[in-house]
Amino acid sequence: MKAIVYNKYGPPDVLKLTEVEKPIPQDNQVLVKIHATSLNYGNLVLLKGEPFLARFAFGLLKPKYSIPGGDIAGHVEAVGKDVTQFQPGNEVFGDLSGCGWGGFAEYVSVPENALALKPANLSFEEAAAVPMAGVTALQCLRDRGKIQSGQKVLINGASGGVGTFAVQIAKSFGVEVTGVCSTRNLAILRSIGADHAIDYTKEDFTKKTQSYDLILGINGYQPISAYKRLLRPNGNFVHVGGSGSQLFQAMVLGPWLSMMGGKKMSSFLQRSNQKDLIYIKELLETGKVKPVIDRCYTLNELPEAFKYFEEGHAQGKVVITV
């Protein structure tokens, strides 16, 4: 089969399309014929080995996983004898980040709990855009952010992959959502249901008088003290992306700031979870959430896709057809 392989950390040009052995599913695994995959920030970490601490999980001197790629959508070609949830022919989607990656290929064998049945109303390309970003948004809002109906929620970085899902999932909880983005993305935010959109090229949202129950920092460089000022008493700030200094502040200063009053400041790292993926699937099938796709590339164009993705200006998701 064809697969994207790399054996050293570096820029997108280290990725090579080559022929490798087609995997054989073990007793508890599902063999998936992949039709589409997509890019996430985790793919960039895996490619470059940065920040350096990530290498303790992904390989210190060279990549531990030779075929990267997390999000997939495709159909089941074969199942191991112990598999109970799927059968050949099922259309599925899933996140491979918790079970060895391998999504930038024509086939992959994975444990059945990494997958869910694909939403019937989505194409393979649309479904591949969902798993990691959608589950990240859900877990940030519900599990760490403790989102409640009637709250006011601010999402900085609302037009990217995680952000576009966060806006829509937040709305499904019955909250008032304000998204922060650039001028060219204002229409996207309005189209996916944001109640308010702030253009950061024209307004500094940290200087506004509006306060929020929950803030998601998905992009940006603002100090977390600025976010704290915007929080209501007992509010939550959750850092899930942005500048390195902002991550450092959230991890190191966040716990200390959280002890000073009722406002909570924390960082968050997504964990793949089949139950959460099924929850997102139901939102997709009822039309409460829809993927936003910026561009599609083919598998042999993956280096070009990464170069575009790492510029940081994608509107929604960057998808790869296989």
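A quick note: this is a predicted structure, and the numbers were derived from the prediction, not measured.
Remark: Asn43 engages Leu39, Asn40, Trp101, Phe104, Phe306 in a side-chain contact (heavy atoms from CB on, under 4.5 Å) (not counting sequence neighbours). Remark: Asn90 pairs with no residue by the side-chain hydrogen bond (donor to acceptor under 3.5 Å, both in side chains) rule, at least two apart or across chains. Taking the side-chain hydrogen bond (donor to acceptor under 3.5 Å, both in side chains) definition, one finds that Thr286 meets it with nothing, sequence neighbours left out. Residues meeting the salt bridge (charged side-chain N to carboxylate O under 4.0 Å, His left out) test with Glu304, sequence neighbours left out: none. Applying the side-chain hydrogen bond (donor to acceptor under 3.5 Å, both in side chains) criterion to Glu176, with sequence neighbours excluded, gives Lys152, His196. Under the rule for a ring-ring contact (aromatic ring centres under 6.0 Å, His included), the partners of His75 that lie at least two apart in sequence or sit in another chain are His35. Listed by chain and residue number, nothing satisfies the salt bridge (charged side-chain N to carboxylate O under 4.0 Å, His left out) test with Lys290 (two or more places apart in sequence, or in another chain). Considering only residues two or more places apart in sequence or on other chains, Asp13 meets the side-chain hydrogen bond (donor to acceptor under 3.5 Å, both in side chains) condition with Lys307. Lys202 meets the side-chain contact (heavy atoms from CB on, under 4.5 Å) test with Thr183, Asp199; sequence neighbours excluded.
Remark: the backbone N or O of Gly316 is not paired with any side-chain donor or acceptor of Asp294 at under 3.5 angstrom. At least one donor-acceptor pair closer than 3.5 Å links the side chain of Thr37 to the backbone N or O of Asp71. Checking side-chain atoms of Lys118 against main-chain N and O of Glu91 turns up no donor-acceptor pair under 3.5 Å. Looking at Lys317, its side chain never comes within 3.5 Å of a backbone N or O of Ser38 through a donor-acceptor pair. Listed for the Asn156 side chain is a donor-acceptor partner under 3.5 Å among the backbone atoms of Asn219.
Under a 4.5 Å side-chain heavy-atom cut-off, the cluster of Ile, Leu, Val, Met, Phe, Trp and Tyr residues that includes Phe124 has no other member. In this structure, Ile293 shares a hydrophobic cluster with Val319, the cluster being traced through Ile, Leu, Val, Met, Phe, Trp and Tyr side chains under 4.5 angstrom apart.
Note: the hydrophobic cluster containing Val32 also contains Phe86 (ILVMFWY, side chain heavy atoms under 4.5 Å, direct or indirect links).
Judged by the 6.0 Å distance and 45° axis criteria, Lys48 is not positioned over the aromatic ring of Tyr9.
Side-chain N/O atoms of Glu285 and Asn121 include no donor and acceptor closer than 3.5 Å. Donor-acceptor pairing under 3.5 Å is lacking for the side chains of Lys288 and Ser172. In summary, the side chains of Gln139 and Asn273 do not present any donor paired with an acceptor at a separation below 3.5 Å, with no hydrogens or angles considered. For the 3.5 Å distance criterion, the side chains of Gln148 and Asp213 fail to qualify, holding no donor opposite an acceptor.
Ion pair Arg295/Glu301 not flagged as a salt bridge, since none of the NZ, NE, NH1 or NH2 atoms sits closer than 4.0 Å to an Asp/Glu carboxylate oxygen.
Between Pro12 and Leu47 there is a side-chain heavy-atom pair separated by less than 4.5 Å. No side-chain heavy atom of Leu138 sits less than 4.5 Å from a side-chain heavy atom of Leu283.
Note on residues 156-188: no pairs pass ring-ring contact (aromatic ring centres under 6.0 Å, His included), not counting sequence neighbours.
Once rounded to the nearest 0.5 Å, the distance linking CG of Leu96 with OG of Ser272 reads 9.0 Å.
Only one option out of Gln270, Gln274, Lys275, Arg271 pairs with Val135 in a side-chain contact (heavy atoms from CB on, under 4.5 Å); it is Gln270.
Within 6.0 Å of atom CD1 in Ile278, more than 12 heavy atoms from other residues, nucleotides or ligands are found, so the atom counts as buried in its surroundings. Within 6.0 Å of NZ on Lys171 lie more than 12 heavy atoms contributed by other residues, nucleotides or ligands.
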